[in-house]
Amino acid sequence: MLSSTFCHIPQVGERTEWRIWEAGIWTWEDALASPLLDTLFSRSLAFHLRSFLERSLLRLEEEDIAFFGEHLPGRELWRLFPEFRHQAVFLDIETTGLNPPEDYVTAITLFDGYRIKTFIHGMNLRDFLEEVMAYRFIITFNGKCFDLPFLERSLRVRLPQVHLDLRYVMKSLGFSGGLKACERAIGIDRGPLRGVDGYTAVLLWRKYQDGCPEALETLLAYNVADTVNLERLMVFAYNEKVRRLPLSRPLLPEPRKRILIPYRVHEEILDEVFFERLRMLSRKGEVW
DNA sequence: AATGGACGTGCGGTAGATCT
DNA sequence: AGATCTACCGCACGTCCATT
């Protein structure tokens, strides 16, 4: 898909890109070879397009994702996924609440399609920065508004990777209502983690701090599930985006591999947390 | 409840096309 | 060549929304 992309060229927006495609120019190679380009555009613009495409070919060969990250409009970053999948990592964090700096990161999961790595406050959280720097492409859900600003603020760094936020891709496809709603819409079942949300993760952390190690394991299982599911969401979003373009490009196969989650969900702990939450809610009700 | 980025809308500027 | 018209990129502003 990337080598059918033209909207990363300055002076080319959505309409111009569609005009190029509709003229039968589907790839960079087409554009470089086709005399059609000269009938569509002025001599100087055609020259500009060709020289930028020569550059693009070179940068793709060098696997320079930063180049495309800079030039692609944010809403089209999804096009990078197949070509840069090997440099991509899915990321999700859990915290003690929504407001840094009072709140802090409790757990982070990285998943690169093969390996899962978790980082836990008070244990190995410090290793996170070095690990994440091994990747040049970060994929999240709502990470633009939450995960990355939160991390950058608490670690006092700026993460230089190209960052794709699936929230807006899904929204553009007509799916909204959060990660769980998107998962349900595309048929992902969370099993024993059904009904668990970010606030549950906050309560699980508190319970862990009160001396319950099973609460931490359940929290990690939740964090990992969120992260691993991002890959299926990404593949779905990519394919759906490609389907809606006026040119036929190969789709990605659904990830079929079974991901072994190294943590167990302790359902009795979840029940306790749900029950406590219910009690808190009803107590609030009495006040009113 | 706070955060902060994306998106839609509308506007201005510019390049190219068309006409005389 | 000059005047006018058209297309559309890119920016600013206000609104929306998902995260723990």
Side-chain angles (χ1 to χ4, degrees), chain A residues 6-20 22-23 37-49 52 69-78 90-109 120-121 138-154 158-159 162-185 193 195-209 215-216 218-220 222-223 225-227 229-230 233 237 273 277 280 284:
Chain A
F6 298 94
C7 64
H8 67 301
I9 307 171
Q11 311 306 317
V12 178
E14 190 187 334
R15 298 209 185 201
T16 307
E17 184 176 58
W18 278 61
R19 269 173 68 208
I20 295 173
E22 277 161 3
L37 204 71
D38 305 280
T39 67
L40 283 176
F41 304 105
S42 69
R43 181 188 282 273
S44 67
L45 188 50
F47 178 81
H48 164 65
L49 298 182
F52 203 89
E70 267 167 45
H71 288 95
L72 270 175
R75 65 178 171 283
E76 302 297 339
L77 284 178
W78 59 269
F90 299 93
L91 177 152
D92 184 55
I93 71 174
E94 307 303 328
T95 70
T96 56
L98 295 174
N99 320 305
E102 313 93 77
D103 290 316
Y104 58 89
V105 176
T106 56
I108 310 172
T109 297
I120 302 152
H121 181 93
I138 295 177
I139 303 171
T140 63
F141 191 95
N142 198 38
K144 292 262 188 198
C145 287
F146 185 74
D147 302 65
L148 262 61
F150 202 112
L151 278 173
E152 291 184 332
R153 193 160 167 187
S154 49
R158 222 198 75 70
L159 295 170
V162 175
H163 177 201
L164 170 60
D165 188 338
L166 286 175
R167 170 190 165 187
Y168 300 103
V169 187
M170 290 303 285
K171 169 85 179 170
S172 76
L173 291 168
F175 300 92
S176 60
L179 175 62
K180 314 294 182 284
C182 290
E183 289 181 4
R184 273 195 302 276
L193 286 168
V196 179
D197 59 10
Y199 187 57
T200 313
V202 175
L203 299 178
L204 284 169
W205 179 256
R206 288 185 197 161
K207 205 169 180 60
Y208 161 67
Q209 287 194 306
L216 176 62
T218 307
L219 164 64
L220 294 173
Y222 167 71
N223 187 210
D226 268 6
T227 313
N229 286 345
L230 289 179
L233 205 62
V273 168
R277 203 167 159 179
M280 279 163 52
K284 232 183 192 172

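Quick note on labels: first sequence line is chain A, next is B, and so on, each numbered from 1. Since the structure is predicted, the reported quantities are computational estimates derived from the model, not experimental observations.
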Heavy atoms under 4.0 Å, any strand shown: does [X] hit a base, just sugar-phosphate, or nothing?
X	answer
A/Asn223	nothing
A/Gly97	base
A/Gly143	nothing

Value in whole Å for how far the [atom2] atom of [N] lies from [atom1] of [X]:
X	N	atom1	atom2	value
A/Leu151	C/dT19	CG	P	16 Å
A/Phe150	B/dT3	CZ	C1'	11 Å
A/Lys171	B/dC7	NZ	C1'	9 Å
A/Gln11	C/dC8	CD	C1'	10 Å
A/Asp165	B/dG4	CG	P	15 Å
A/Ile20	C/dC8	CD1	P	11 Å
A/Glu102	C/dT20	CD	C1'	13 Å
A/Glu152	B/dT3	CD	C1'	14 Å

Side chain of A/Ser176 (C-beta onward), nearest among B/dG4, C/dT20, C/dA18: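 Out of B/dG4, C/dT20, C/dA18, the nucleotide with an atom closest to A/Ser176's side chain is C/dA18.
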- prompt: Any idea which of B/dG5, B/dG16, C/dT20 is nearest the A/Leu45 side chain?
  reply: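 So the nucleotide nearest the side chain must be B/dG16.
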- request: Report the residue (A/Tyr168 or A/Asn99) whose heavy-atom-nearest nucleotide on DNA chain B is the more 5′ of the two.
  value: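 Result: A/Asn99.
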message: Counting only side-chain nitrogens and oxygens, does A/Thr16 get under 4.0 Å of the OP1 or OP2 atom of C/dA7?
response: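 It does not, given that no N or O in the side chain of A/Thr16 lies less than 4.0 Å from OP1 or OP2 of C/dA7.
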- prompt: Any side-chain N or O of A/Arg167 less than 4.0 Å from the OP1 or OP2 oxygen of B/dG5?
  reply: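 So the side chain of A/Arg167 is outside the cut-off, no N or O lying under 4.0 Å from OP1 or OP2 of B/dG5.
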Validation row: A/Phe150, A/Asp147 side chains within 4.5 angstrom (heavy atoms):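 A/Phe150 does not reach A/Asp147 side chain to side chain.
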query: Are a donor atom and an acceptor atom from the side chains of A/Asn223 and A/Thr109 found within less than 3.5 Å of each other?
result: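 Per modelled atom types, A/Asn223 and A/Thr109 side chains form a pair under 3.5 Å.
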- prompt: Aromatic rings A/Tyr104 and A/His121: how do their planes relate, parallel, tilted or perpendicular, breaks at 30° and 60°?
  reply: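 Rings of A/Tyr104 and A/His121: tilted, 30 to 60°.
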message: Is it the case that the base of C/dC9 and the side chain of A/Arg15 share a donor-acceptor contact (distance under 3.5 Å, atom types as modelled)?
response: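 Not at all, since no donor on one side and acceptor on the other fall under 3.5 Å apart.
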- request: Mind checking the CD-CZ spacing from A/Glu183 to A/Phe141? Nearest 0.5 Å is all I need.
  value: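 Going from CD on A/Glu183 over to CZ on A/Phe141, the span is 9.0 Å.
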field: Nearest-0.5 Å distance, CD of residue A/Glu14 to OG1 of residue A/Thr16
entry: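 Here the rounded value is 10.0 Å.
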